2 protein chains.
Amino acid sequence: MRIEVNCSRNYPIIIEKGCLKDIKKYIDDNRRIMIISDDMVPQEYCDALKLQLNNCDVKIVKHGEGAKSFEIYEDCLRTLLKLNYSRHDLIIALGGGVVGDLAGFVASTYKRGIHFINIPTTTLAQIDSSIGGKVAINVDEIKNCVGAFYQPSLVLIDPEVLNTLSKRHYNNGLVEAIKAGLIGDEALFKLFEEDNLDIEQIIYRSLLVKKRVVEQDEKEEGIRKILNFGHTFGHAYESYYHLHDYYHGECVALGMMVVLDDEDIKKRLAKILHRLDIPTSCNANRNEILHLLLNDKKADHNMIDLVKVDKIGEAKIINMPIKELEKYI
Amino acid sequence: MRIEVNCSRNYPIIIEKGCLKDIKKYIDDNRRIMIISDDMVPQEYCDALKLQLNNCDVKIVKHGEGAKSFEIYEDCLRTLLKLNYSRHDLIIALGGGVVGDLAGFVASTYKRGIHFINIPTTTLAQIDSSIGGKVAINVDEIKNCVGAFYQPSLVLIDPEVLNTLSKRHYNNGLVEAIKAGLIGDEALFKLFEEDNLDIEQIIYRSLLVKKRVVEQDEKEEGIRKILNFGHTFGHAYESYYHLHDYYHGECVALGMMVVLDDEDIKKRLAKILHRLDIPTSCNANRNEILHLLLNDKKADHNMIDLVKVDKIGEAKIINMPIKELEKYI
C-alpha cells in the first residue's frame, strides 16, 4: 500500500510486509547512509539494513526520552561531521518515536538539511509519529520545545517488525489509531470492534486521517490541533506519572475518556480499551493534574484549545479558559 | 525603499534612514519581544528599541564567531524557555552577520519556529547576510555546518547606524556589494567608480541582485552558488589567516582578484579596492592555500564549482577538478 503526502515536500509512505528485507527496492544507496537507532530496537533489523546497503554507518543511542537531549543531538551532528557527510547523503531513522524525532531534527539542521528516511519500528511510530514532519528534542522536562517541521523523503513501514514488540507496547501504539478513528474516520474506529484486528488496515487508515489533517495545516496553525484529542489531559497524566506507570498511548486513552461527554461513545471506547488491556481511569491526584493543566505549554493567556468529539469521526476545537477543564476531572 | 522577497515565506526588506527611531511603524509589539545582540553593537541602538517597544527582553552575547556555538545557541533557547516565550512571540536580531545567524537559528528551532525580524547594523549584514534565509552556527572550525533555511518576517535596514562603524569595517562590507555588481548588475559596479558612494543605492541594488538569485534557488541547489564568487579562495584565505589579519570581505576581495581572467575587469576592480583601502593581493603560502582548497566543504568527490566572471554583471558556474585551482595562485 502507498500513500502520497503532499505538503512543503511531497513524499510517499509505503506499507509493505517484509519491505525491510528488500530495502534496495526503495532506497538508493549510491551515497553515504547513516542509520540512527537505539539499543531497544532488535539488532536484527539494523543488521538487515547494513547487509543490503553499501556505505552504511550506524549510530546507536540509549533508548528512552533521554536520547532527545542537546547532548545527544550535538553528538550525532559531530559524528556526521567527523565522517564528512555531505548534504547529498542520507540519514535513516530506525526505531520508535524518539529515534524519529531525534534523527529527524539532526537531519533538518545538518548542513541546513540532509535527506531523511524514516523506518518506524513501533505501532506508535508507524501509526502516528512517523508522518507529519514534526521533529524535536526536549529541554529538561519540556518536551519537543526545540525542533523543526521537516518532511522525510520517504516513510517505510514494515508491519512485520511489530511482531517483536511486547503486547503492552504494541497495544499502547494502537491508541493513536483509535484516536484517529474518533476524530476522523468512523470505519477505522469500527475496525477495533471486529473480532480480529486487521493491523495493516488500521495503520493505513490512521495514516490517511493524519495525512488529510497535516496537508491542510502543516505547521499546526489551526485544524492540525484536532490531532491533540485526548492529549491535553494525556500530557498532564504523562507529567504526573513521569511515564513510569503509564506509556504515552495509555495516557492518551485516559485523556480521551475524561473529555468524552457522549455516554454511548464512551462505553464503546471503554470496551475497546479493556480488550487491549489499556486503562480507562486512574487514581491521579485531582489537584495536581489541575496544576499541570494550568501550565500546559500550548496554553495562551490562560485560554486553551480543547478538542471534543461528540460524534465518531468528527472533531471540533473549543477555545476555553483553562480553569474550565476542572469540570472534567 | 522597499523590496519584496518572494520565497517559501514572503517578506519585505525596508531601507529607510532613521527607521530605528520610528520602530513602531514597522513592528507590532503586542507580543513579547526578545532582542538578541552582541557587545560590539553600540548600546544606543538597543536602548532605542527598548524605549519604543513594550514587553522587551534583551540577550547580549559576546561578539565574534565564538557566539555561533552550540553552547550559546542552547543558552539562548533556555533563556526563551525560562521566560516562557510562545510560538507567537518575536525574536529580533540586532547586529552583524554573526548575530543574525545565531538569532535566526534560535528562532527557526524554538518551538519549531518563532517569528523573526532582522535589523542588521553592519554594511556586510545590510548588503548581504541579512537576506536569503541562511541561518547557522559553527562546530569548532567548521563554519555554518548546523543550521536551517529560515526566512525572517521582515528585514529593517537603517543606513544611519553604519555611521558608528570603523572605516575598515564599513569598507569590508562593501566588498559583497562589489561582488553583487560583478555577478549580476553592471550599474551597481559602476556606482563604485563614481566620485561619491551612494550607500543607499549600493545597499538597494545589492539586495536586488541577491533577491533575484535567492528567489530562483532558495536552498542553494544550483544558481545560488554564483553568490559564492570570490568565496572559494576567500574562504581558504580566511582559514589561513584565521580572520586575524583580514576580515571576511577583504578575503573575498583577494579571492575575486585571483579568479578574474579578464585584465580590464581586474584593473577596474583593483582601482576600486585601492580607493577603499582593501588589499588586492597577499603573501599567503601557496601550498597551504592549495591544501585548504582541497578540503573545501563544498567540494564533492574532488570536484568543485568555481564561479567565473568574464563580463561585468554576468557569472557562470564551472565544475572542475579541485586540482585545477592550482593555476590561479
Side-chain angles (χ1 to χ4, degrees), chain A residues 7-9 30-32 69-82 84-89 101 104-114 132-150 218-221 224 295-301 303, chain B residues 7-9 30-32 69-82 84-89 101 104-114 132-150 218-221 224 295-301 303:
Chain A
C7 42
S8 60
R9 171 172 19 204
N30 194 13
R31 52 187 164 174
R32 303 182 65 185
S69 67
F70 273 119
E71 199 188 333
I72 309 279
Y73 165 65
E74 179 176 342
D75 182 47
C76 290
L77 290 164
R78 284 185 183 274
T79 301
L80 291 164
L81 282 169
K82 208 151 128 194
N84 212 13
Y85 269 62
S86 90
R87 264 171 72 176
H88 306 290
D89 294 325
D101 277 1
F105 187 47
V106 168
S108 78
T109 55
Y110 183 72
K111 300 201 173 171
R112 297 198 184 91
I114 170 174
K134 277 186 172 185
V135 296
I137 56 172
N138 308 327
V139 177
D140 303 331
E141 298 290 295
I142 314 170
K143 279 188 74 172
N144 302 325
C145 56
V146 174
F149 291 95
Y150 192 70
E218 185 174 346
K219 300 208 169 159
E220 194 166 289
E221 283 150 343
R224 185 166 178 161
N295 288 298
D296 190 300
K297 74 175 149 63
K298 286 187 293 296
D300 208 359
H301 299 103
M303 298 293 284
Chain B
C7 44
S8 60
R9 170 168 24 202
N30 194 12
R31 53 185 165 175
R32 304 182 65 184
S69 67
F70 273 118
E71 199 188 333
I72 307 279
Y73 165 64
E74 181 177 342
D75 182 46
C76 290
L77 289 165
R78 284 187 183 272
T79 302
L80 290 164
L81 283 169
K82 207 151 126 194
N84 211 13
Y85 268 62
S86 91
R87 261 172 74 178
H88 306 290
D89 294 324
D101 277 0
F105 187 46
V106 168
S108 79
T109 56
Y110 183 72
K111 301 204 172 170
R112 297 197 182 92
I114 172 174
K134 277 187 173 183
V135 295
I137 57 172
N138 309 326
V139 177
D140 303 332
E141 298 289 295
I142 314 171
K143 277 187 75 170
N144 302 325
C145 56
V146 174
F149 290 94
Y150 192 69
E218 185 175 348
K219 301 207 167 162
E220 194 166 295
E221 283 152 344
R224 185 166 178 161
N295 287 298
D296 191 301
K297 76 175 146 69
K298 287 187 293 295
D300 209 2
H301 298 104
M303 297 292 285

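None of the values given here were measured: they were computed from a predicted structure. Computation of the quantities below employed the complete heavy-atom set of this structure, encompassing side-chain atoms and omitting hydrogens, waters and symmetry-equivalent molecules. Just so we're on the same page: letters track the sequence lines, and every chain starts at 1.
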Using a cut-off of under 4.5 Å for heavy-atom pairs, which of A:I137, A:N84, A:L81 has the most such pairs with chain B?
A:L81
Determine the option with the most heavy-atom pairs under 4.5 angstrom with chain A, choosing from B:Y110, B:F149, B:Y150.
B:F149
Value for CZ (B:F70) from CD (A:E71), rounded to nearest 0.5 Å, stands at 12.0 Å
CD1-NZ distance between A:I142 and B:K82, expressed to the nearest 0.5 angstrom
11.0 Å
For chain A, find which of B:K134, B:R78, B:R112, B:R87 contributes the most heavy-atom pairs closer than 4.5 angstrom.
B:R112
So do B:L77 and A:V139 actually touch side chain to side chain, heavy atoms under 4.5 Å?
no
Tell me, for A:V106 versus chain B, whether the close heavy atoms (under 4.5 Å) come from the side chain, the backbone, both or neither.
neither
